[in-house]
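Everything on this sheet refers to the single structure shown next.
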Amino acid sequence: MAANFQKLQAASRAFWHSLRRSLRDHPHLLTSPSQPRIDDTFLVEFPKSGITWLTFLIASVNLQKSGVDRKPTFFAINDTVPDIHSSRHLPPPLPFPGHRMIKSHAPYNPLYNKVIYLVRDPRDVMASYHAFASKLGWYHGSLGEMIRDREFGIEAWCAHAQSWLTQTRPSVSFSVVRYEDLLADPAAVLRHVYELLGFAIEEDVIQKAVQAGFFSVMKENEAFCAEKNLTLPKDFTFVRKGGSSHKDAMTAEHTDYINRVAGNTMKVFGYTV
C-alpha cells in the first residue's frame, strides 16, 4: 500500500513539474516546431537583416548536395528552409544535411539548441524595414516615427539582439554572422556556416550557390514568382539593392538617435558609432 502511494506521489510530482515547464515555455512554443528535433538548426535574425539571401544560399547548397534537380524560388523556399512563422508543422529535412535548417525572427528562445544569428547594421535595418513595411501598407508612419516605434524600431532591435547575447546558455551552439561579411564574401561565409555544422563543401557547389544568389538573379526570381501574385502591390520588391541604404534614407538626426540608443550593442557586433 505504501509503495503504491509513493509511486502515485512520484507520478504526481512528475506531472506538475512537466506542467510548470510547459507553462514556462509556452510563449516560446509559438516559434518552435510542433515536433522538435535535437539537431534542428535555427537561422535567426531581426527582420530585414538579410535572412532571405542567406536561406537562398543554404537552400542551393542543400539541394545540390542532396542530388535534387531543383532551384530555390521565392514561391517554394519554405519547402527547403522553412519559416517557423509560416507554420510550426515543418517538412522533413533533405538528405543533406539530414537535419532541418529553420528560419526565425524570434527573440531568445530557450528551446533552440543550435543558432546562427544573422546581424546587420541597425541603421540599414531600419531603412530597409521601413521601406518594406510601407510598401506592404502595414506601417503608415515616417521613417523617423518607425525608428522610435517600440514595437518595430531601434529599441526593438536592441531588445532582440540583447535577448540572444545575454540569455543564451553556454550549452547552446551559438554563432554570429554579420550581413556585411556575407555581402563582402558570400562564399567565405557560406563555407563557414557549413564548417560550423561539420561539413566541408566542395568549391564548385559553393560557387554555384553564390551565383544563384546574386541580387540580379534573385530579383529575376522574385519578379517571376510575383508576376501572377495579385495580392502584392505592383511596385513591391522584397529584394532591394543590398548593401548600406541608410545614408540615402536617413537624416543626421535619425542616425544620431540610433547611435545613442543602440551604440553599445552595435559596438559588440563591431559596428562603428
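- Taking the six-membered ring for Trp, Phe74 and Phe56 have ring centres closer than 6.0 Å.
- Side chain of Ser134 to backbone of Ala131: no donor-acceptor contact under 3.5 angstrom is found.
- Among residues two or more places apart in sequence or in another chain, the side-chain contact (heavy atoms from CB on, under 4.5 Å) test is passed with Val268 by Leu165.
- Annotation for Cys158 and Thr265: closest pair SG-OG1, 4.4 Å, computed over non-hydrogen atoms.
- At least one side-chain heavy atom of Met250 sits less than 4.5 Å from a side-chain heavy atom of Met126.
- Cation-pi contact between Lys48 and Tyr129: absent, since separation from the ring centre below 6.0 Å together with deviation from the ring axis within 45° is not met.
- For the pair Val81 and Leu43, the minimum side-chain heavy-atom distance is below 4.5 Å.
- Atom CG of Asp79 has more than 12 neighbouring heavy atoms from other residues, nucleotides or ligands inside a 6.0 Å radius.
- Residues meeting the salt bridge (Lys or Arg N to Asp or Glu O under 4.0 Å) test with Asp83, sequence neighbours left out: Lys103.
- Side chains of Asn109 and Ser32: a donor on one and an acceptor on the other come within 3.5 Å.
- In this structure, the side chain of Tyr194 engages the main chain of Ile58 through a donor-acceptor pair within 3.5 Å.
- Under the 3.5 Å distance criterion, with hydrogens and angles disregarded, a donor-acceptor pair is assigned to the side chains of Thr41 and Lys114.
- Judged purely by atom type and a 3.5 angstrom limit, Glu155 has no side-chain atom pairing as donor or acceptor with the backbone of Asp149.
- Looking at residues two or more places apart in sequence or on another chain, you find a side-chain contact (heavy atoms from CB on, under 4.5 Å) between Glu253 and Arg148, Thr251.
- Heavy-atom contacts from other residues, nucleotides or ligands closer than 6.0 Å to CG of Asp204 number more than 12.
- Under a hydrophobic clustering in which Ile, Leu, Val, Met, Phe, Trp and Tyr are joined whenever their side-chain heavy atoms come within less than 4.5 Å, directly or via other members, Ile206 and Leu94 fall into different clusters.
- You'll find the side chain of Lys71 stays beyond 4.5 Å of the side chain of Leu63, heavy atoms only.
- By the salt bridge (Lys or Arg N to Asp or Glu O under 4.0 Å) test, Lys65 pairs with Glu202, sequence neighbours left out.
- Taking the side chain as every heavy atom from C-beta outward, Val44 and Ile51 never approach each other to under 4.5 Å.
- The salt bridge (Lys or Arg N to Asp or Glu O under 4.0 Å) check on Arg88 picks up nothing, with sequence neighbours excluded.
- Considering only residues two or more places apart in sequence or on other chains, Ala156 meets the side-chain contact (heavy atoms from CB on, under 4.5 Å) condition with Phe46.
- Between Ser175 and His192, the closest heavy-atom pair is OG-NE2, 4.0 Å.
- For the atom pair Gln207 CD and Leu190 CG, the distance stands at 9.5 Å (nearest 0.5 Å).
- Val119 places a side-chain heavy atom less than 4.5 Å from the side chain of Trp157.
- For an aromatic pair to be called close, the ring centres must be under 6.0 Å apart, and Phe214 with Trp53 fails this.
- Scored by the side-chain hydrogen bond (donor to acceptor under 3.5 Å, both in side chains) test, Arg191 finds Glu203 as partners (sequence neighbours excluded).
- Applying the side-chain contact (heavy atoms from CB on, under 4.5 Å) test to Thr168 and every residue at least two apart in sequence or in another chain returns Tyr108, Trp164, Val172, Phe174.
- Arg100 and Leu90 get closest at one heavy-atom pair: NH1-CB, 3.7 Å.
- Residues Pro97 and Asn62 are in side-chain contact: their nearest non-hydrogen atoms beyond the backbone lie under 4.5 Å apart.
- Between the Asp40 side chain and the Pro36 main chain, no donor and acceptor come within less than 3.5 Å of each other.
- The closest side-chain donor-acceptor pair between Ser104 and Tyr112 falls under 3.5 angstrom.
- Counting only distance, with no hydrogens or angles, the side chain of Tyr139 and the backbone of Met146 share a donor-acceptor pair below 3.5 Å.
- A salt bridge is defined here as a Lys NZ or Arg NE, NH1 or NH2 lying under 4.0 Å from an Asp or Glu carboxylate O, and Asp121 with Arg178 fails to meet this definition.
- Cluster annotation: Phe132 and Ile147 are assigned to the same hydrophobic cluster (Ile/Leu/Val/Met/Phe/Trp/Tyr, side-chain heavy-atom contacts under 4.5 Å, transitive).
- Judged as a ring-ring contact (aromatic ring centres under 6.0 Å, His included), not a single pair has a partner in residues 252-273 (not counting sequence neighbours).
- At a threshold of 4.5 Å between non-hydrogen side-chain atoms, the residues Pro72 and Thr80 do not count as touching.
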Contacts under 3.5 angstrom, residues 182-189 side chains, donor-acceptor by atom type, not counting sequence neighbours:
| residue | atom | partner | partner atom | Å |
| --- | --- | --- | --- | --- |
| Asp185 | OD1 | Ala188 | N | 3.2 |

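- Side-chain contact between Arg120 and Ser128: present, with at least one pair of heavy atoms (C-beta onward) separated by less than 4.5 Å.
- In terms of heavy atoms, Met101 sits closest to Leu197 at CE-CD1, 3.7 Å.
- The salt bridge (Lys or Arg N to Asp or Glu O under 4.0 Å) check on Arg260 picks up nothing, with sequence neighbours excluded.
- The two residues Arg37 and Gly98 come nearest to each other via the heavy atoms NH2-O, 3.2 Å.
- In terms of hydrophobic clustering, with Ile, Leu, Val, Met, Phe, Trp and Tyr side chains grouped at heavy-atom distances under 4.5 Å, Phe75 and Leu136 are assigned to different clusters.
- Residue pairs meeting the ring-ring contact (aromatic ring centres under 6.0 Å, His included) criterion with at least one partner in residues 76-106, sequence neighbours excluded, are His85-His105, Phe96-Phe199.
- To the nearest 0.5 Å, atoms CG (Leu54) and CG (Leu118) are separated by 6.0 Å.
- Of all heavy-atom pairs between Arg123 and Val273, the closest is NH1-CA, 4.3 Å.
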